[in-house]
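Per chain, numbering begins at 1; letters A, B, ... match sequence-line order.
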Number of protein chains: 2
Amino acid sequence: MSEQFYSEILREHGLKATVTRLRILELLSESKVAMSHSEISDCFDNEKIDKVTLYRTLNAFVECGIAHKVANEDRNWLYAIFDKDIKPNGTEGSEHKHEHAHFICSACDKIYCFPVVEEMKFNKLKDLMGFKIDQHEIRLHGTCPVCQ
Amino acid sequence: MSEQFYSEILREHGLKATVTRLRILELLSESKVAMSHSEISDCFDNEKIDKVTLYRTLNAFVECGIAHKVANEDRNWLYAIFDKDIKPNGTEGSEHKHEHAHFICSACDKIYCFPVVEEMKFNKLKDLMGFKIDQHEIRLHGTCPVCQ
DNA sequence: AAACTACTTGCAACTGAATTGCATTAATCG
DNA sequence: CGATTAATGCAATTCAGTTGCAAGTAGTTT
Ligand SMILES: [Mn+2]
Ligand SMILES: [Mn+2]
Ligand SMILES: [Zn+2]
Ligand SMILES: [Zn+2]
């Protein structure tokens with residue numbers, strides 16, 4: 001995708017299209033897995049990105065709805081762009097979470113975003129013994145194609 | 001439950017029954033929610049427990065299979081005793097995880113261990129597009145009875 | 001009951017992810 | 001092209017959790 005394309009995404013989400021943000025957005029958009037702060041940082045070994053700027057950029061992406069974050073097994077945040085093929089499950093894109101599961105590879109600890117397939121859907125799951133359930137989160141554990 | 005009872009649990013799991021461990025085990029056993037290091041620590045304001053000892057005790061409980069830990073929304077560990085009514089889903093209690101879900105209250109951020117009821121069970125969920133799925137984890141978000 | 005030994009404790013120092021404050025710089029808009 | 005407002009970079013800080021080590025104690029042996 002062109003720099004133009006990414007610049008527009010940033011501006012559409014109310015963020016200024018800076019060089020650093022473009023580099024981070026492009027990297028994340030092309031990654032098949034969710035990435036941590038340090039993994040992202042390591043991808044820019046020639047032209048380093050300041051660590052605080054990277055933290056702030058990632059937070060900005062999450063806050064404006066470009067990306068989301070998932071905790072890995074070590075409880076570090078991994079960041080992933082909301083993909084086109086993962087559709088928001090609510091009407092307006094405001095409060096509702098994009099409906100998808102996360103696959104965590106037990107071998108490499110990488111996290112892949114997964115569409116929620118039919119088999120993963122619960123049916124009636126409301127108000128279980130006085131607990132009002134709004135939403136649920138599925139974390140699948142196993143071995144990714146690379147590690148098999 | 002008696003001190004005798006808790007002492008035996010500790011010894012059965014290969015841990016020496018020390019005063020500190022007994023106090024922590026009793027507290028956790030009687031708690032309806034999973035507790036963080038600091039929450040546990042705050043329960044002993046009169047006779048303080050050393051923070052490192054508490055960390056090590058909690059890790060020991062997890063390693064020996066007395067307790068398990070769940071990350072809350074702030075990615076701090078919360079600890080909970082494996083309850084009697086939550087049955088291990090494997091034959092021997094060795095590798096298999098005790099099958100249960102976690103309910104996270106959006107209001108108070110407390111975590112409750114939940115039995116996995118029929119409605120939460122997926123059926124055929126194996127080898128999804130090259131990803132070998134061994135296990136899954138369900139996190140339910142909503143409002144607990146206390147916060148409604 | 002005293003001695004022994006391996007495990008456990010408590011304290012200080014340390015680690016590493018993430019945040020905050022603040023002065024400097026750069027993107028956007030008229 | 002300024003002016004305005006947001007973003008950056010650096011240093012310092014926070015906070016959960018860990019490590020090393022000397023001193024203490026549970027459980028076992030004699
Ligand atoms: Mn995702
Ligand atoms: Mn639990
Ligand atoms: Zn893998
Ligand atoms: Zn609550």
Side-chain angles (χ1 to χ4, degrees), chain A residues 3-26 34-42 44-64 66-79 109 111, chain B residues 3-25 34-64 66-79 109 111:
Chain A
E3 183 171 314
Q4 266 313 317
F5 177 77
Y6 292 120
S7 295
E8 261 179 50
I9 291 185
L10 289 171
R11 289 198 206 93
E12 278 169 7
H13 287 86
L15 300 177
K16 286 185 180 172
T18 67
V19 188
T20 310
R21 283 175 175 168
L22 283 168
R23 294 204 289 157
I24 298 167
L25 179 56
E26 184 180 9
M35 295 179 80
S36 69
H37 179 280
S38 74
E39 284 167 339
I40 296 168
S41 194
D42 291 347
F44 300 107
D45 40 340
N46 34 356
E47 206 157 348
K48 276 277 158 242
I49 288 177
D50 178 76
K51 84 179 173 161
V52 178
T53 303
L54 180 50
Y55 277 119
R56 289 199 267 230
T57 300
L58 294 170
N59 285 339
F61 285 4
V62 171
E63 271 161 39
C64 79
I66 288 181
H68 62 286
K69 55 185 179 181
V70 208
N72 70 0
E73 298 297 278
D74 296 331
R75 290 174 308 146
N76 295 322
W77 286 127
L78 304 194
Y79 298 84
D109 204 33
I111 297 187
Chain B
E3 182 172 315
Q4 266 312 315
F5 176 78
Y6 291 121
S7 295
E8 261 179 51
I9 291 185
L10 289 171
R11 291 199 205 93
E12 279 168 8
H13 286 85
L15 299 178
K16 287 185 179 171
T18 66
V19 189
T20 311
R21 283 176 177 168
L22 284 168
R23 293 204 289 156
I24 299 167
L25 179 56
M35 295 179 80
S36 69
H37 179 280
S38 74
E39 284 167 340
I40 297 169
S41 194
D42 290 348
C43 290
F44 300 107
D45 43 339
N46 35 356
E47 205 157 349
K48 276 276 158 242
I49 288 176
D50 178 78
K51 86 177 172 161
V52 179
T53 303
L54 180 50
Y55 276 119
R56 288 200 267 231
T57 301
L58 294 170
N59 285 339
F61 284 5
V62 171
E63 269 160 40
C64 78
I66 288 180
H68 62 285
K69 55 185 178 181
V70 208
N72 70 1
E73 297 296 278
D74 295 332
R75 290 173 310 145
N76 296 322
W77 285 127
L78 305 193
Y79 298 84
D109 203 34
I111 296 187

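For the pair A:Leu22 CG and D:dA6 P, the interatomic distance rounds to 19 Å; values are reported in whole Å. Distance CD1 (A:Ile49) to P (D:dG9): 8 Å, rounded to an integer number of Å. For the pair B:Asp50 CG and D:dT18 P, the computed distance is 14 Å after rounding to whole Å.
Of the two residues near DNA chain D, A:Arg75 and A:Lys48, the one whose nearest nucleotide lies more 5' is A:Lys48.
Panel note: side chain B:Asp74, backbone B:Asn76; no donor-acceptor pair is recorded below 3.5 Å.
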* To do: Start with the C-alpha gap between A:Phe61 and A:Leu10, add the side-chain angles, then the distance that decides, and say whether side chain to side chain contact (heavy atoms under 4.5 Å, CB included) holds.
  => CA-CA 9 Å; A:Phe61 285 4; A:Leu10 289 171; 3.6 Å; yes

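Listed by first and then second residue, the side-chain hydrogen bond (donor to acceptor under 3.5 Å, both in side chains) pairs involving residues 40-64 of chain B are B:Asp50-B:Thr53 (not counting sequence neighbours). Sorted by first and then second residue, the side-chain hydrogen bond (donor to acceptor under 3.5 Å, both in side chains) pairs involving residues 7-18 of chain A (not counting sequence neighbours) form an empty list.
Contact annotation for A:Thr20: backbone-only contact, meaning every heavy-atom pair under 4.0 Å involves sugar-phosphate atoms and none involves a base.
Across A:His68, A:Met35, A:Lys69, a single residue satisfies side-chain contact (heavy atoms from CB on, under 4.5 Å) together with A:Tyr79, and that is A:Lys69.
Considering all non-hydrogen atoms of both residues, B:Ile111 and B:Asn72 come closest at CD1-CA, 3.8 Å. Shown here for B:Leu22 and B:Ala17, the closest heavy-atom pair between the two residues is CD1-O, 4.5 Å. B:Ser36 and B:Leu78 get closest at one heavy-atom pair: CB-CD2, 3.4 Å. Taking all atoms of both residues into account, the shortest heavy-atom contact from A:Glu39 to A:Ala34 is OE1-O, 4.0 Å.
Every residue two or more places apart in sequence or in another chain that forms a salt bridge (charged side-chain N to carboxylate O under 4.0 Å, His left out) with A:Glu73 is listed here: A:Arg139.
Interatomic distance, CG of B:Leu25 versus OH of B:Tyr6, reported as 6.5 Å (0.5 Å rounding).
Protein chain A touches strand DNA chain C; the 5'-most and 3'-most nucleotides with an atom under 4.0 angstrom of its non-hydrogen atoms are C:dA17 to C:dT28.
Heavy-atom distances under 4.0 Å link DNA chain C to no residue of residues 39-46 of chain B. Less than 4.0 Å separates DNA chain D from at least one heavy atom of each of the following residues of residues 54-64 of chain B: B:Tyr55, B:Arg56, B:Asn59.
Side-chain contact between B:Leu54 and B:Leu58: present, with at least one pair of heavy atoms (C-beta onward) separated by less than 4.5 Å.
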* Structure fact -> Scoring nucleotides 25-30 of chain D by protein non-hydrogen atoms under 4.0 Å (B base, S sugar-phosphate only, - none) yields -BS---

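Between the side chain of A:Lys51 and the base of D:dG9, no donor-acceptor pair of N or O atoms lies under 3.5 Å.
In the helix from C:dA1-D:dT30 to C:dG30-D:dC1, the rotation axis of the first five pairs and that of the last five pairs differ in direction by 30°, rounded to 10 degrees.
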